[in-house]
Amino acid sequence: MKIIKKGVMFFLKRPLILLITIAISLPLIMFGSVKMLHYSSTPEFCQTCHARDVNEVGGEYFSWAHNIHYFAEVECMDCHARPGIFHYLTTKALTGARDVFVETVYTEQAKLDTLRAVAVDPMKAAKAVPTETCLFCHSDSVNEQIRDTRIIKLFVSLRGQEDVVNPEYREEKGMADILVDDFIGINVPHDTHIDAGVNCVDCHTQEPHGGSLFNPVEMNTCFSCHGDLRNNTGIYAFLLNNIDNTNNLPDNEDCTTCHTVQSQSLDGVLAVNFGIDKVAGDYEGFDCVDCHDGAFGENYITGGEITSEKEMFEQRYDDLMDMWLEIYQGHLSLPYDQRDNFILLKNYIKMLSRDGSSGYHNVALYDTIFNKSFMVAHELQESLSK
């Protein structure tokens, strides 16, 4: 107490020194606080607790580092805190305090159980990754609305999300506006689902922590939710009580309502809008049930066996993906006249990845798409190397 009293008296008698001390200390404190906020928001900091090298709970850093969000430089706080500086700071304060408590007090098994609960409980998952954080990057209208109504950034940048301005950011990455644009090879009306109260993580349960570059929605997820709604039972019927539970849901066996890539593959017209003429295949005009025994039935023709054609398809796909990731990481440096090629390559890859048959639906068509893809990829690589 005597030391404090002496210090107060010293500064009271020397107001100029007091002002100089405040002038020097305040910026240093603010700078240190901002640096601490920024550092504690980095994936490397999060890794100190989420450090397991597995595609399971506790291995969130590991699984994220294998996902497209990693290569797009989308980090933890970009998804786990709502857009806006206020939400960022409150999330840091409240969630951060809770996480410190869990890390220091809970047993290892209790911590994993807590994380697992978020992964399986739709309500907890939606709190961990709010839908508006996804729409902030993946749509134009929500991005504009949030930017018009919230303070996104003050004087310094605390996370990458703050610099996301659509449509520029979205178009630069070659992404669709999920609320208005059609999707290549798959028909999923995102706007209808969101209007009904479905959260992004209700369907995209493995994104971005599924351990793969892309983690597509599993068909069982669609069937489970639609089944709940039809029967007025289960968690989704309870959560989505604002819609008619028999509201024109497609039948489980009506495959091509959603899976347009397969029907367009069989008919050879999948890539017509992207510079590839119709390529006839062996199964033009076939229906899904001509070869498949129901939605999850075994393929009558191949019986699920590993064929040389399948192995060749997957090897070519892996080689193409290696090239694309290299291009993607440097795509901001591409010459402007290569932007269309970058988006074209991304669209070709979507066609290849969404086929689901390793090219068996139309071997000739997918050979053509591969050839075009490698040609465009090589051109993009050459542009980056100049």
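None of these values were measured; they are calculated from a predicted model. Any value given below was found using the heavy atoms of this structure, including those in side chains, with hydrogens, waters and symmetry copies removed.
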Y169 and M175: CA distance, side-chain angles, deciding distance, side-chain contact (heavy atoms from CB on, under 4.5 Å) verdict: CA-CA 9 Å; Y169 174 87; M175 300 190 305; 3.9 Å; yes
Is any side-chain heavy atom of [X] less than 4.5 Å from a side-chain heavy atom of [Y]?
X: T205; Y: V217; value: no
X: L320; Y: D318; value: no
X: V129; Y: C134; value: yes
X: T256; Y: T260; value: no
X: E314; Y: K310; value: yes
X: K153; Y: D163; value: yes
X: L135; Y: L179; value: yes
X: N215; Y: S212; value: yes

R316 bridged to E311 by N-O distance under 4.0 Å: no
Describe, in one word, how the ring planes of [X] and [Y] are oriented to each other, choosing from parallel (under 30°), tilted (30 to 60°) and perpendicular (over 60°).
X: Y348; Y: F274; result: perpendicular
X: H209; Y: H80; result: parallel
X: H193; Y: H226; result: parallel

With hydrophobic residues grouped by side-chain heavy-atom distances under 4.5 Å, do [X] and [Y] end up in a single group?
X: Y328; Y: W64; answer: yes
X: M312; Y: V363; answer: no
X: V279; Y: L352; answer: yes
X: I68; Y: L380; answer: yes
X: V165; Y: F136; answer: no

Tell me the closest heavy-atom pair linking [X] and [Y], and the distance in Å.
X: T48; Y: A51; result: O-CB, 4.4 Å
X: M351; Y: L270; result: CB-CD2, 3.8 Å
X: P83; Y: E132; result: CD-OE2, 3.6 Å
X: S353; Y: Y317; result: CB-OH, 3.3 Å

Pairwise distance [atom1]([X]) to [atom2]([Y]) - rounded to 0.5 angstrom:
X: S139; Y: I194; atom1: OG; atom2: CD1; result: 7.5 Å
X: S373; Y: M321; atom1: OG; atom2: CE; result: 10.5 Å
X: D121; Y: R116; atom1: CG; atom2: CZ; result: 14.0 Å
X: S265; Y: R354; atom1: OG; atom2: CZ; result: 12.0 Å
X: F101; Y: Y106; atom1: CZ; atom2: OH; result: 6.0 Å
X: T257; Y: N252; atom1: OG1; atom2: CG; result: 11.0 Å

Mark yes when over 12 heavy atoms from residues, nucleotides or ligands other than [X] sit less than 6.0 Å from its [atom1]; otherwise mark no.
X: D340; atom1: CG; answer: no
X: I151; atom1: CD1; answer: no
X: Q381; atom1: CD; answer: yes
X: D182; atom1: CG; answer: no
X: E168; atom1: CD; answer: yes
X: K173; atom1: NZ; answer: yes
X: Q329; atom1: CD; answer: yes

Between [X] and [Y] (side chain of the first, backbone of the second, donor and acceptor by atom type, cut-off under 3.5 Å), is there such a pair?
X: E326; Y: D322; value: no
X: N371; Y: D367; value: yes
X: S224; Y: N220; value: no
X: N143; Y: C137; value: no
X: D290; Y: D287; value: yes

Distance flag, aromatic centroids of [Y] and [X], threshold under 6.0 Å:
X: F370; Y: F313; answer: yes
X: Y70; Y: H66; answer: no
X: H331; Y: F342; answer: yes

Between I276 and I369, does the side-chain contact (heavy atoms from CB on, under 4.5 Å) criterion hold? Intermediate values first, please. CA-CA 8 Å; I276 296 178; I369 296 176; 3.9 Å; yes
Working for salt bridge (Lys or Arg N to Asp or Glu O under 4.0 Å), residues E75 and R159: CA-CA 8 Å; E75 300 184 347; R159 52 178 171 168; over 6 Å; no
Kindly determine whether R339 and E171 satisfy side-chain contact (heavy atoms from CB on, under 4.5 Å), including the steps that lead there. CA-CA 10 Å; R339 298 297 305 164; E171 292 175 347; over 6 Å; no
Would you tell me whether E144 and N166 have side-chain atoms, one donor and one acceptor, within less than 3.5 Å of each other? no
Per the salt bridge (charged side-chain N to carboxylate O under 4.0 Å, His left out) rule, what does the pair list look like for residues 259-285, sequence neighbours excluded? K278-E284
Contact list for residues 373-386, test salt bridge (charged side-chain N to carboxylate O under 4.0 Å, His left out), sequence neighbours left out: none
Hey, mind stepping through T131 and N199 against side chain to side chain donor-acceptor pair (under 3.5 Å) and telling me if it holds? CA-CA 6 Å; T131 289; N199 294 297; 3.1 Å; yes
Let me see the working for Y366 and D355 under side chain to side chain donor-acceptor pair (under 3.5 Å), right down to the final yes or no. CA-CA 9 Å; Y366 283 103; D355 165 64; 3.1 Å; yes
Kindly state each residue pair satisfying side chain to side chain donor-acceptor pair (under 3.5 Å) with at least one member in residues 94-104, sequence neighbours excluded. E103-K111
Q338 and N341: side chain to side chain donor-acceptor pair (under 3.5 Å), yes or no, with the steps? CA-CA 5 Å; Q338 289 293 333; N341 270 343; 3.0 Å; yes
Test side chain to side chain donor-acceptor pair (under 3.5 Å) on T91 and H87; report intermediate values, then the result. CA-CA 6 Å; T91 299; H87 291 288; 5.9 Å; no
Derivation of the side-chain contact (heavy atoms from CB on, under 4.5 Å) call for F62 and H50: CA-CA 8 Å; F62 177 86; H50 303 267; over 6 Å; no
